Amino acid sequence: MRRSIAAVALSLLLLSGCAAEDKEYSSSFFAMDTYMTLTAYGDGAAQSIDGARAEIERLESLLSVTDEGSEIYAVNQNGGGTVSDSTEEIVKFSLEMAERTEGALDPTIYPIVSAWGFTGEEYRIPSAEELSLLLERIGYEKALLENGHITLKDCMMLDLGAVAKGYAGDRAAKILKEQGVTSALLDIGGNVQAVGCRPDGSDWRLGLRDPLSDGLLGVISVSDLAVVTSGGYERYFVGDDEKRYCHIIDPHSGYPADNGLLSVTVIAPEGAKCDALSTALFVMGAEGAVEHWRKYRDFDMILVSEGEIRLTNGVAERFELRDEYSDIKLVIIE
Ligand code: FAD
Ligand code: MG
């Protein structure tokens, strides 16, 4: 089911502009259940943006859980199947990230996401008994991928929603770079992929959304990096019990993540990695996220909780807190 524009308000708002004399080409469209805007500068911008958009639409037609013509839909209906190189690549990557995050990211989560009604917006609170039965169908370790063939046991079903937009951003950025574009900003439904820097050579400036309001907490300056945010403030529902339930599920319990984190932003060169990690770290909670960062140190992150922002030292110098939020405690993770 498609959602309204208001419901897909971006977590990262683009603050960048460019000198008027630069050739700019922009394309906005709806794909992967969200609004996307791809903007490139310089010669060849139009052609490369059209190519990037076509690639995103091709990936959506392969990876959607709801499109009856997609490869993932067929795999989910048939308990497996042989898939294209692109689908194989993203499933392989998702399974590797599931292992790295000890199942905080789990691409086999679909039966539980579906039981909560997050696909189709028919929200409900499943009973504890129902969730415990569904948990038996979840488990990335049981999903097999060999020579492009996926095998799913126990009525398992894949959901690549936590990584597909990041992967699509990487593919789109690759197309632009191959066509000689050195300055572009790809906004893939709140996942931002910066190709090079702004046309005047300065960094792109991205606004970090306050999860508790429509305001901006601060500004992140980046070039040639992906910036991806996961949070509980956009896709959620309020149950009859007045509690708020968000779309990011803890695969160990079957319940929406509820650990005090309001949003997690991950910054690294690869969009797919940022997307996988932002979801997984949101599930882990602040302490688990810090532990994960200390173990790998191959990304930067900003963890937002009420009254506090924790950020890794690599991003601290790229982040400016806005004056209105000067009472928020900033903690640098080292
Ligand atoms: P992220 O944090 O990146 O991902 C959260 C999403 O991942 C959840 O919505 C859920 O789908 C899944 N998920 C939740 N918990 C976990 C976990 N622990 N491990 C792994 N995955 C988890 N939405 C619709 O309502 N209808 C559609 O028809 C539809 N089609 C789509 C087609 C494609 C190709 C893609 C990529 C997305 C589509 N979506 C659709 C949206 C999708 O269901 C997710 O809501 C969206 O991708 C969430 O992205 P995010 O950046 O907000 O959050
Ligand atoms: Mg994600």
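Start at 1 and go down the list; that is how both ligands and their atoms are numbered. These numbers were taken from a predicted model, which means no experiment stands behind them. Side chains are part of it too, since the values below use all heavy atoms of this structure and drop only hydrogens, waters and symmetry mates.
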Short N/O distance, under 3.5 Å, between [X] and ligand 1?
X: Leu160; value: no
X: Thr66; value: yes
X: Gly161; value: yes
X: Glu60; value: no
X: Thr229; value: no

Just going by heavy-atom distances, which of [options] is nearest to [atom]?
atom: atom 9 (O) of ligand 1; options: Met32, His247, Lys165; result: His247
atom: atom 36 (C) of ligand 1; options: Gly117, Ala164, Ser70; result: Ala164
atom: atom 7 (O) of ligand 1; options: Ala162, Cys274, Pro256; result: Ala162
atom: atom 22 (C) of ligand 1; options: Thr108, Ile109, Ile138, Leu63; result: Ile109

Inspect the surroundings of [atom1] in [X] and state if more than 12 heavy atoms from other residues, nucleotides or ligands are less than 6.0 Å away.
X: Glu141; atom1: CD; value: yes
X: Gln47; atom1: CD; value: no
X: Asp43; atom1: CG; value: no
X: Glu287; atom1: CD; value: no

*Have a look at Asp275 and say which of its N, O or S atoms is nearest the Mg ion (ligand 2).*
OD1

Please classify the [X] to ligand 1 contact at 4.0 Å (heavy-atom distances, strictly less than): side chain, backbone, both or neither.
X: Ala104; result: backbone
X: Glu234; result: neither
X: Leu105; result: both

*Mind checking whether Trp116 and Tyr255 have parallel, tilted or perpendicular rings, split at 30° and 60°?*
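Plane angle over 60°, so perpendicular.
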
*Parallel under 30°, tilted from 30 to 60°, perpendicular over 60°: which one fits the rings of Phe237 and Phe118?*
tilted

_Salt bridge present between Glu320 and Arg205 (N-O < 4.0 angstrom)_ = yes

*Steps toward side-chain hydrogen bond (donor to acceptor under 3.5 Å, both in side chains) verdict (Asp106, Tyr110)*: CA-CA 9 Å; Asp106 193 326; Tyr110 189 62; over 6 Å; no

*Output the list of atoms in ligand 1 that are nearer than 4.0 Å to some heavy atom of Ile248, sorted by atom number.*
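The list of qualifying atoms is 2 (O), 14 (C), 15 (N).
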
*Axial cation check for Tyr296 ring with Arg100, 6.0 Å and 45° limits*: yes

